[in-house]
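Structure first, commentary second.
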Protein chains: 2
Amino acid sequence: MAPPSPETMTHAEAAQLLREAQDRFIASWGRMGSAWGISRTMAEVHALLYVTGEPMNTDEIMDRLAISRGNVSMSVRALLDWGVIQKTHKRGDRKDYFQAEQDVWTMLRAIARERIKREVDPLLQSLDEIRELTPDTARATPEDLAALNTRLDAVQECFELMSVLSQKFAGPTGAGLKSAAKLLAKMPTGAGKGERR
Amino acid sequence: MAPPSPETMTHAEAAQLLREAQDRFIASWGRMGSAWGISRTMAEVHALLYVTGEPMNTDEIMDRLAISRGNVSMSVRALLDWGVIQKTHKRGDRKDYFQAEQDVWTMLRAIARERIKREVDPLLQSLDEIRELTPDTARATPEDLAALNTRLDAVQECFELMSVLSQKFAGPTGAGLKSAAKLLAKMPTGAGKGERR
DNA sequence: GATTGATTTCAATATTTTCTGAAACATTCT
DNA sequence: AGAATGTTTCAGAAAATATTGAAATCAATC
């Protein structure tokens with residue numbers, strides 16, 4: 001089980017090690033994906049393309065992950081929609097090849113952007129609609145309705161901020177998400193007046 | 001369908017409106033939750049407690065959401081684990097009552113903290129293990145292994161940063177997540193050297 | 001220490017999500 | 001136009017998840 005020291009490693013041993021490491025990464029990424037509401041297989045296809053770095057075609061993906069052609073087709077299509085993989089071609093080969101975005105931060109930006117668009121924005125829209133139901137124009141409004149509106153406002157404010165942030169940092173032309181994150185990491189604990197204890 | 005103007009609204013009408021608005025919020029929050037890998041019902045229970053603001057007991061929750069006792073028990077327990085609701089009591093009443101954290105940012109902090117702990121940290125641990133498999137000490141290491149390690153490093157760096165950020169801003173004693181977010185929102189587009197395009 | 005009321009657990013069931021595989025559809029080549 | 005090759009779709013099958021409900025457990029009261 002202990003890997004042979006690099007000096008004595010044969011080519012075959014190295015290949016096996018590579019494969020093992022890739023498989024483990026694929027499995028971890030898949031687990032993570034499914035915890036966050038992305039289908040395990042879709043995450044695995046993505047992991048495979050990312051970790052190998054190579055463009056792969058449908059058959060290669062099918063074989064490597066032991067999944068059906070239809071499943072590959074659907075997963076790959078979804079990944080294209082998310083904008084985290086690209087279609088490429090090889091001279092003299094009719095097959096479609098797929099290649100993952102190689103920069104992790106660009107990848108995360110794409111994911112964040114899509115998720116906000118798909119899940120936060122619809123929530124905001126619902127909140128708007130709900131607000132229309134409950135006019136708070138007059139102070140004659142019963143107390144409970146007013147309290148409700150206060151709560152809805154709080155949620156709305158918060159998710160709107162998220163949506164704005166995502167446009168700013170995760171948009172296709174967005175400023176660096178990476179640098180923003182590093183900036184925050186360096187920010188002294190306790191900065192800002194909103195600190196709690 | 002159009003709501004009566006506030007001046008002419010009867011008490012009953014207001015109550016009905018309130019109920020309708022609450023139900024819609026609960027439904028939206030539930031949808032959102034399930035998109036993010038949280039069970040719909042658990043999210044709905046949380047939404048109910050948040051939107052009413054009142055402590056509620058098991059029977060009230062069962063009735064309002066039309067779900068079984070067992071389901072309420074399990075959902076409530078999970079929400080307690082997440083730290084987004086609290087157990088309370090009423091004098092002369094043996095039942096347990098549950099109340100949601102009312103500050104949205106505190107709530108989001110709790111959620112972020114838990115998710116990082118449950119899903120990002122295990123990924124980091126896996127990455128560590130995978131790294132142990134693939135020694136890159138020697139330059140004798142075949143090219144592919146080296147390339148793999150480069151990719152794993154990129155992922156690791158990125159998620160480690162996330163984990164650190166979560167401790168900083170989402171920890172129980174963490175600095176204000178809200179103020180950090182607002183800070184970012186105000187940050188001029190293009191700040192940082194990581195900008196693209 | 002038995003009764004009453006509340007809560008938790010968990011095997012069985014129901015629901016939702018994901019996956020397959022083969023047919024339909026495209027595209028390119030001869 | 002027809003053959004060959006590649007891709008997508010989608011109804012049904014399989015797997016994964018969530019839910020119920022009744023029995024077991026726990027806790028307070030008499």
Within the sub-3.5 Å range, which N or O atoms of nucleotides 4-11 of chain C have a protein N or O partner, and how far apart are they?
from, atom 1, to, atom 2, distance (Å)
C/dA6, OP1, B/K95, NZ, 2.8
C/dT7, OP1, B/D96, N, 2.6
C/dT8, OP2, B/S73, OG, 3.2
C/dT9, OP2, B/R77, NH2, 3.3

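- Both tests do not hold together for B/R77 against B/W82: distance to the six-membered ring centre under 6.0 Å, angle to the ring axis within 45°.
- B/I67 has its CD1 atom 18 Å from the P atom of C/dA14, to the nearest Å.
- Computed from coordinates, the B/R40 CZ to C/dA14 P distance equals 17 Å when rounded to whole Å.
- The pair B/K90-B/D96 fails the salt-bridge criterion, with no side-chain N (NZ, NE, NH1 or NH2) lying under 4.0 Å from an Asp/Glu carboxylate O.
- When rounded to the nearest whole Å, the span between CE of A/M42 and P of C/dT20 equals 16 Å.
- A perpendicular orientation is assigned to the rings of A/W29 and B/F159, their planes being inclined by more than 60° (bins at 30° and 60°).
- Between the NE2 atom of A/H89 and the C1' atom of D/dT5 there is a distance of 14 Å, given to the nearest Å.
- Phosphate proximity of D/dT19 to B/T41: present, with a side-chain N or O under 4.0 Å from OP1 or OP2.
- Per the geometry, CE belonging to A/M56 stands 14 Å off P belonging to D/dT7, to the nearest Å.
- Using a cut-off of 4.0 Å between Lys/Arg side-chain N and Asp/Glu carboxylate O, A/D103 and A/R109 are scored as not salt-bridged.
- Scanning both residues, A/C158 and B/L108, for their nearest heavy atoms gives SG-CD1, 3.1 Å.
- Ion pairing between a basic and an acidic side chain is recognised when a charged N comes within 4.0 Å of a carboxylate O; A/R24 and A/E20 show such pairing.
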